[in-house]
Each structure stands twice: as structure tokens, then as C-alpha cells.
Amino acid sequence: MMKTGSCSFGMWKVLVSWEGNVVHQVQFVRTAPEGLVPVQFTKFLAGRVDSFAPLVSAAVSGDSVYSRIYAAVSDIPYGETRTYGEVAFAADTHPRVVGNAMARNPTALIVPCHRVTAADGGLGGFTPDLQIKRDLLKMEGKRRRG
DNA sequence: CAACGTGTTCCAG
DNA sequence: CTGGAACACGTTG
């Protein structure tokens with residue numbers, strides 16, 4: 001049975017929908033319905049854990065290009081960043097597609113799209129607010145590659 | 001089926 | 001450093 005809840009991250013709310021260990025949706029929103037979320041979220045957002053295990057994103061299932069991209073992004077270690085091009089190479093596709101996939105990423109955080117940055121050292125983008133990406137990377141103690 | 005839009009990149013000026 | 005073409009793929013007409 002599908003459950004829904006929310007928790008806070010700065011001025012934003014994190015809306016979460018999940019079923020068992022499979023997370024179907026994680027979105028940053030202004031306002032969200034009240035409700036508990038798995039402890040992994042509150043701990044992660046507090047910087048107390050670096051993993052969501054045993055939770056997994058529903059987006060990585062399947063064998064489409066997008067699922068390969070989400071899987072590749074999920075492999076990026078905590079605190080590290082990769083470029084759109086590197087993710088594209090890992091998923092055997094084009095950087096442009098990676099950007100498109102990230103923009104439609106249904107499960108933020110679990111699929112750490114905030115760790116995907118532009119090749120020129122820029123941050124790239126983030127929906128709904130780039131500031132969230134900055135805050136997340138800052139929290140993880142952003143270091144270039146390693 | 002053709003055209004467009006992307007959280008990009010890379011190669012010329 | 002700025003400008004433009006190309007790339008793969010989903011969405012839209």
C-alpha cells in the first residue's frame with residue numbers, strides 16, 4: 001500500500017511517496033501534506049547518514065535509457081560530483097539526455113541529481129530552485145571528484 | 001512523421 | 001571569452 005508524507009529542508013518541504021522499500025516520488029515543494037516519512041529522509045537531510053539504504057528508487061527499474069541514467073547517477077558516492085557527460089558515458093547515451101532525465105527525475109535525493117554538475121565547473125540546474133542544489137552539496141561537504 | 005525543447009558539450013572565431 | 005552547431009530522446013503538433 002502506497003504511503004505519503006513530508007519533511008522539511010530549509011524553507012522547502014520534501015514530499016515523499018513510497019511503498020515498502022520502493023520510493024516512487026521525492027519532490028521539493030513549497031507546501032506538502034502532513035505525514036511521516038521514512039527515517040532515512042530526516043536523517044539524511046540532517047546530515048546524519050550518507051545513504052538511503054534499504055530504500056530504492058522506482059526510477060531505476062526497467063531497461064530504458066532513463067533507468068540506466070538514474071542507476072548511473074545513483075552510483076555517485078556521497079560528497080562527490082560527476083558531470084552530465086560522465087553520467088552520459090556511464091549510461092551509454094548523450095549528455096543532453098542526462099539533463100532531460102534529471103529535469104524529470106521523479107525521486108530527488110534517492111537519485112542524487114544534485115551531484116550532477118556541468119563540465120565547465122558550473123552547477124548546472126535544479127528544479128524547482130538551484131539554491132537547493134547548492135545547499136545539498138554544501139551539506140555533503142562538496143569536493144571536486146574525490 | 002517532422003519539429004521543438006532540454007539541468008549540455010565541444011569546436012571555431 | 002563568445003557564439004553556434006550537434007547530440008539523443010521524450011513530447012507535441
Side-chain angles (χ1 to χ4, degrees), chain A residues 2 4-19 21-33 35 37-38 40-146:
Chain A
M2 181 97 86
T4 299
S6 68
C7 58
S8 298
F9 181 69
M11 322 184 303
W12 293 87
K13 297 284 188 179
V14 182
L15 176 62
V16 183
S17 297
W18 75 102
E19 184 170 13
N21 286 341
V22 181
V23 180
H24 289 262
Q25 184 180 53
V26 179
Q27 298 281 127
F28 285 92
V29 294
R30 302 304 177 97
T31 60
V37 298
Q40 283 88 347
F41 285 93
T42 52
K43 286 190 175 181
F44 183 92
L45 291 172
R48 308 229 321 271
V49 298
D50 60 6
S51 164
F52 281 98
L55 301 179
V56 296
S57 169
V60 303
S61 61
D63 55 350
S64 67
V65 176
Y66 271 36
S67 40
R68 285 205 308 275
I69 293 176
Y70 293 134
V73 173
S74 299
D75 283 339
I76 303 175
Y78 186 93
E80 290 189 29
T81 62
R82 298 281 174 74
T83 66
Y84 292 89
E86 288 173 328
V87 173
F89 181 81
D92 191 34
T93 182
H94 190 273
R96 221 53 216 266
V97 181
V98 175
N100 209 319
M102 294 304 97
R104 298 179 179 288
N105 176 18
T107 53
L109 299 179
I110 302 252
V111 174
C113 51
H114 58 278
R115 294 180 197 149
V116 183
T117 61
D120 62 359
L123 279 183
F126 196 85
T127 318
D129 190 342
L130 183 57
Q131 186 57 42
I132 297 173
K133 189 172 187 172
R134 278 194 276 264
D135 290 341
L136 286 171
L137 291 175
K138 181 179 179 182
M139 180 189 76
E140 295 187 0
K142 184 180 76 144
R143 27 203 152 142
R144 296 290 297 170
R145 206 61 55 91

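To find a chain, count down the sequence lines: A is the first, B the second, and so on, and within it residues start at 1.
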Taking atom [atom1] of [X] as the centre, report whether more than 12 heavy atoms of other residues, nucleotides or ligands fall under 6.0 Å from it.
X: Phe9(A); atom1: CZ; result: yes
X: Asp63(A); atom1: CG; result: no
X: Met2(A); atom1: CE; result: yes

Interatomic distance, [X] atom [atom1] to [Y] atom [atom2] [nearest 0.5 angstrom]:
X: Trp12(A); Y: Leu45(A); atom1: CH2; atom2: CG; answer: 14.0 Å
X: Leu109(A); Y: Leu55(A); atom1: CG; atom2: CG; answer: 11.5 Å
X: His94(A); Y: Asn100(A); atom1: NE2; atom2: CG; answer: 12.0 Å

Exercise. Under 30°, 30 to 60°, or over 60°: which ring-plane class applies to Tyr78(A) and Phe44(A), parallel, tilted or perpendicular?
Worked result: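 Judged by the thresholds at 30° and 60°, the geometry between Tyr78(A) and Phe44(A) is perpendicular.
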Exercise. Hey, does Met102(A) have a side-chain heavy atom less than 4.5 Å from the side chain of Val87(A)?
Worked result: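 Side chain of Val87(A) against side chain of Met102(A), heavy atoms only: no contact under 4.5 Å found.
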For this session: Go ahead and name the base partner of dA2(B); Watson-Crick or wobble counts if both distances stay under 3.5 Å, otherwise write none.
Result: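 Checking every strand shown, dA2(B) finds its partner in dT12(C), with both distances under 3.5 Å.
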For this session: Sort out the partner of dG7(B) for me: Watson-Crick or G-U wobble, both distances under 3.5 Å, none otherwise.
Result: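 WC or wobble partner does not exist here.
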Problem set entry | Nucleotide range of DNA chain B lying under 4.0 Å from chain A heavy atoms |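 Span of nucleotides near chain A: dG5(B) to dT9(B).
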For this session: Figure out the CG/C1' separation between Asp120(A) and dC1(C), and round it to whole Å.
Result: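 In whole Å, dC1(C) C1' and Asp120(A) CG are 12 Å from each other.
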Problem set entry | Integer-rounded Å distance: dA8(C) P and Arg68(A) CZ |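 To the nearest whole Å, that distance equals 13 Å.
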Exercise. 5'-most contact on DNA chain C: His94(A) or Tyr66(A), nearest heavy atom basis?
Worked result: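 The residue mapped nearer the 5' terminus is His94(A).
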Exercise. When you measure from every atom of DNA chain B, which of residues 98-105 of chain A have a heavy atom less than 4.0 Å away?
Worked result: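 The stretch gives Gly99(A), Asn100(A), Met102(A), Ala103(A) as the residues lying under 4.0 Å from the strand, ordered by number.
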